[in-house]
Amino acid sequence: IADYSNRNMRKAIMALQTLRSTNTSLSSGTKLPKIGFEETIFDICKMINAEQSPKQLKAIRSKYYELLTKGISGDIIINIMAKRLM
């Protein structure tokens, strides 16, 4: 979990909670699922690459605000998006 989360404690806790809610037994060979907010950020990146229009910008902005209201820091969102888009 530490390697998966890049030593980010918040991300590690979220990954552990996600893993625990979907799987009752934990072992060293257990595959780690994507964290919910990462999937949303990846969707935003796909939307950016698919189309650049005012309509698309409105949809992206609503997803971005949704992440912010869930407590995900803007810095984290932008860092993940930058890595994904490059």
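The structure displayed is predicted, hence computed values, not measured ones. What you see below is based on every heavy atom in this structure, not just the backbone, and it leaves out hydrogens, waters and symmetry mates.
- To the nearest 0.5 angstrom, R61 atom CZ is 5.5 Å from L57 atom CG.
- Panel note: side chain Q56, backbone M47; a donor-acceptor pair is recorded below 3.5 Å.
- The line from CD1 of I60 to NZ of K55 is 12.5 Å long, rounded to the nearest 0.5 Å.
- Alongside I13, the hydrophobic cluster contains M9 (criterion: ILVMFWY side chains under 4.5 Å).
- Considering every non-hydrogen atom in both S62 and A59, the closest pair reads OG-O, 2.8 Å.
- Residues F37 and I76 meet the side-chain proximity criterion, which asks for heavy atoms closer than 4.5 Å.
- Put simply, CD1 on I48 and CZ on R84 are 11.5 Å apart, with the number rounded to the nearest 0.5 Å.
- Rounding to the nearest 0.5 angstrom, the gap separating the CD1 atom in I41 from the CG atom in L85 is 10.5 Å.
- Here the CD-CG distance, from E38 to L67, works out to 11.0 Å after rounding to the nearest 0.5 Å.
- For the atom pair L68 CG and E66 CD, the distance stands at 10.0 Å (nearest 0.5 Å).
- Put simply, the side chain of I44 reaches to within 4.5 Å of the side chain of M81, judged on heavy atoms.
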